[in-house]
Amino acid sequence: MRISLRLILIASVAACAPMLPEAPPVTAPARTSPPPASPAAAPAVPAPVVVDQAGFDGWKQGFLARHGGARRAEYERELSSLEPDLSVIRLDRNQPEFSRPAGAYVQSAASATRIAQGRARIDRVPWEVTRRYGVPGEILVSVWGNESAFGAIQGDYDVVRSLATLAYDGRRRDWAEGELKNALDIVIDGRRDRAGLKGSWAGAMGQTQFMPDAYLRLGVDQTGDGKVDIWGSDADALASAANLLAQAGWKPGQTWGYEVTLPAGFDYAEAEGPRHPWAHWAQGGVSLARGGAPNAAEAREEGVILLPQGARGPAFLALPNHYVIRRYNNSVSYALAIGLTADGIAGRPGLVAAWPDDAPLSREQRVGAQSALTRLGFDTQGIDGVVGANTRAALRRWQIAEGRLADGYLTADLADELIRRAG
């Protein structure tokens, strides 16, 4: 979560974790183990993780030199005898919202059970919170449910140790070191004792899985007891999430997006491309899957067509609030899960189109496809196993060059083909 608009949120019981390829996250996953793969999928083999304790100790000294300042002795005390957590590195390399097909992720997260549980808790959102921040109660309850199963699964990782491990591993070192400093400040300033600073493997905390930076800047003491208790207070957690989304630019009176039907001959290369108001898309033959039209305010907004599972799966018109949700966790699958869960809680009908039953991608396939695309001249802007917007854009360029349908969707078969083609 970072306001000024560097929100860093990552989260979810359906699982997530901070990722940087598309933008900094604001919360993080609460699961203490990865979610199950789809039943038909072969189990993924985690990449081996080797950590050099001497190297970790060297990183700690570097961190203290870079960030210690006047608090160096206090930081050193909290980091003493700390060892890296290998499970954190494994989980960071296998985030489900980037490895599972969107449909499998969304259907698990936005399940009928989750929706029913959300409806039963909608009155837990204080009325003054929705009035003050303009974020609908169903969105807040959806975040609450997807982040921590309504507070039941908040994560039991030592936040300081998790963030130190991520910083040492180096994939997002600057981000992780900044969050680590914030976590240490929370403890040193007496906002939360170290034993109680528990969260997800990615460092996200409480019922709505805030990263330390977001907690310090955006946490709300809704109960007025003098502390921001996102762990034990539903009201504080929900108000804090509402504040985060409002500061990220939530537009009251508008939804996150709509399922749409695309016309024959639609140029799939336009997906995740230029933003246009509804009139442009409608003139091109795009229609809402259940008929009707966006409201007047939504129609004036510029929307983007999303194909989270390629041309064979459901298509969506993503409005600005979809991207606000992604400031919480910058994943298309995550934002769709939040939006569709909220729709269900509000009593709106489900999707018209069915999700294809695709196999998940192994880390080797994701990394291999990125490497292959880059070697073939279609730079993915990083080879990290996270199939985000840059990788999808590179894949579209390759598909266009090959004369293929350019939906930017990486299947297991296509990943294998790319790896073979690149040698």
Side-chain angles (χ1 to χ4, degrees), residues 101-107 109-112 114-115 118-119 122 134-143 146 245 249-326 331-356 389 392 396 405-409:
Y105 181 94
V106 170
Q107 290 177 98
S111 66
R114 174 72 48 76
I115 289 169
R119 285 177 180 164
I122 192 67
V135 182
E138 61 266 24
I139 288 288
L140 297 175
V141 171
S142 177
V143 168
N146 278 287
L245 292 169
W250 186 270
K251 292 179 178 286
Q254 298 184 26
T255 189
W256 60 272
Y258 292 93
E259 183 188 7
V260 295
T261 300
L262 303 178
F266 180 78
D267 181 2
Y268 287 96
E270 287 197 64
E272 286 191 280
R275 302 185 182 206
H276 298 291
W278 173 243
H280 170 90
W281 295 116
Q283 288 168 6
V286 177
S287 59
L288 300 191
R290 291 192 176 275
N295 68 35
E298 294 164 349
R300 289 191 295 270
E301 300 288 354
E302 295 191 330
V304 176
I305 299 297
L306 298 180
L307 301 170
Q309 209 161 333
R312 295 179 299 114
F316 299 91
L317 174 72
L319 295 171
N321 284 338
H322 167 86
Y323 293 93
V324 171
I325 296 170
R326 282 169 64 171
S331 154
V332 173
S333 294
Y334 175 84
L336 287 174
I338 295 298
L340 292 170
T341 301
D343 284 353
I345 292 170
R348 302 183 189 101
L351 299 181
V352 173
W355 292 101
R392 293 191 293 271
R396 280 193 194 91
L405 188 150
D407 61 0
Y409 180 56

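What you are looking at is a predicted structure, and each value in this text was computed from that prediction instead of being measured. The residues of the chain are indexed from 1 along the displayed sequence.
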Engineer: Side chains of L405 and D407, heavy atoms from C-beta outward: is any pair under 4.5 Å?
Structural biologist: yes
Engineer: How long is the gap from CZ on R396 to CG on L307, to the nearest 0.5 Å?
Structural biologist: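 So the CZ of R396 and the CG of L307 are separated by 7.0 Å.
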Engineer: Where do L288 and V260 come nearest, in terms of heavy atoms and distance?
Structural biologist: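 Minimum heavy-atom separation between L288 and V260: CD2-CG1, 3.9 Å.
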Engineer: If I compare all heavy atoms of G313 with all of P356, which pair ends up nearest, and what's the gap?
Structural biologist: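 Residues G313 and P356, closest heavy atoms: CA-CD, 3.7 Å.
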Engineer: Could you tell me whether the side chain of E259 and the main chain of A289 form a donor-acceptor pair under 3.5 Å?
Structural biologist: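 Not a single qualifying donor-acceptor pair exists.
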Engineer: Any sub-3.5 Å donor-acceptor pair from W355's side-chain atoms to A102's backbone N or O?
Structural biologist: no
Engineer: Given 3.5 Å as the limit, does a donor-acceptor pair link the side chain of T341 with the main chain of A337, or not?
Structural biologist: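 A pair under 3.5 Å: yes.
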Engineer: Within the side chain of D343, is there an N or O that forms a donor-acceptor pair under 3.5 Å with the backbone of L351?
Structural biologist: no
Engineer: How many angstroms lie between CG in N321 and CD1 in I338, if you round to the nearest 0.5 Å?
Structural biologist: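 Separation between the atoms: 13.0 Å.
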Engineer: Looking at NE2 of H322 and CG of L306, how far apart are the two atoms once the value is rounded to the nearest 0.5 Å?
Structural biologist: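 One finds 5.0 Å between NE2 of H322 and CG of L306.
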Engineer: Between E270 and W281, does a side-chain contact (heavy atoms from CB on, under 4.5 Å) hold up when you go through it step by step?
Structural biologist: CA-CA 11 Å; E270 287 197 64; W281 295 116; 3.7 Å; yes
Engineer: Considering all heavy atoms of both residues, which atom of S333 and which atom of V106 are nearest to each other, and what is their separation?
Structural biologist: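 That would be O-CG2, 3.7 Å.
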Engineer: Taking C-beta and beyond as the side chain, do Y334 and R326 meet within less than 4.5 Å on heavy atoms?
Structural biologist: no
Engineer: Do I305 and F266 have side chains that approach each other closer than 4.5 Å (heavy atoms only, starting at C-beta)?
Structural biologist: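 I305 reaches F266 side chain to side chain.
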Engineer: Looking at side-chain heavy atoms only, is the closest gap between Y323 and V304 below 4.5 Å?
Structural biologist: yes
Engineer: Just jot down the salt bridge (charged side-chain N to carboxylate O under 4.0 Å, His left out) partners of R312, sequence neighbours excluded, or say none.
Structural biologist: D358
Engineer: Is any side-chain heavy atom of R348 closer than 4.5 Å to one of E138?
Structural biologist: yes
Engineer: Check A299 against P277 and note the closest heavy-atom contact, atom names and distance.
Structural biologist: O-CB, 3.6 Å
Engineer: Out of curiosity, L336 CG to Q107 CD, how far, rounded to the nearest 0.5 Å?
Structural biologist: 12.0 Å
Engineer: Between V286 and T261, is there a side-chain heavy-atom distance shorter than 4.5 Å?
Structural biologist: no
Engineer: Find the distance between CD (E298) and NZ (K251) and round it off to the nearest 0.5 Å.
Structural biologist: 11.5 Å
Engineer: Does a side-chain heavy-atom distance below 4.5 Å link L317 with W278?
Structural biologist: yes
Engineer: What distance do Q283 atom CD and H276 atom NE2 have between them, rounded to the nearest 0.5 Å?
Structural biologist: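 One gets 11.0 Å once the value is rounded to the nearest 0.5 Å.
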Engineer: Testing the basics here: between S142 and I345, what is the closest heavy-atom pair and its distance to 0.1 Å?
Structural biologist: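 Nearest heavy atoms, S142 then I345: N-CD1, 4.1 Å.
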Engineer: Where the side chain of W256 meets the backbone of A342, is there a donor-acceptor pair that is under 3.5 Å apart?
Structural biologist: no
Engineer: Would you indicate whether the side-chain heavy atoms of V332 and F316 approach each other to under 4.5 Å?
Structural biologist: no
Engineer: Side chain of R290, backbone of Y258: donor and acceptor closer than 3.5 Å?
Structural biologist: no
Engineer: Please report the closest heavy-atom contact between A110 and I115, naming both atoms and the distance.
Structural biologist: O-CD1, 3.8 Å
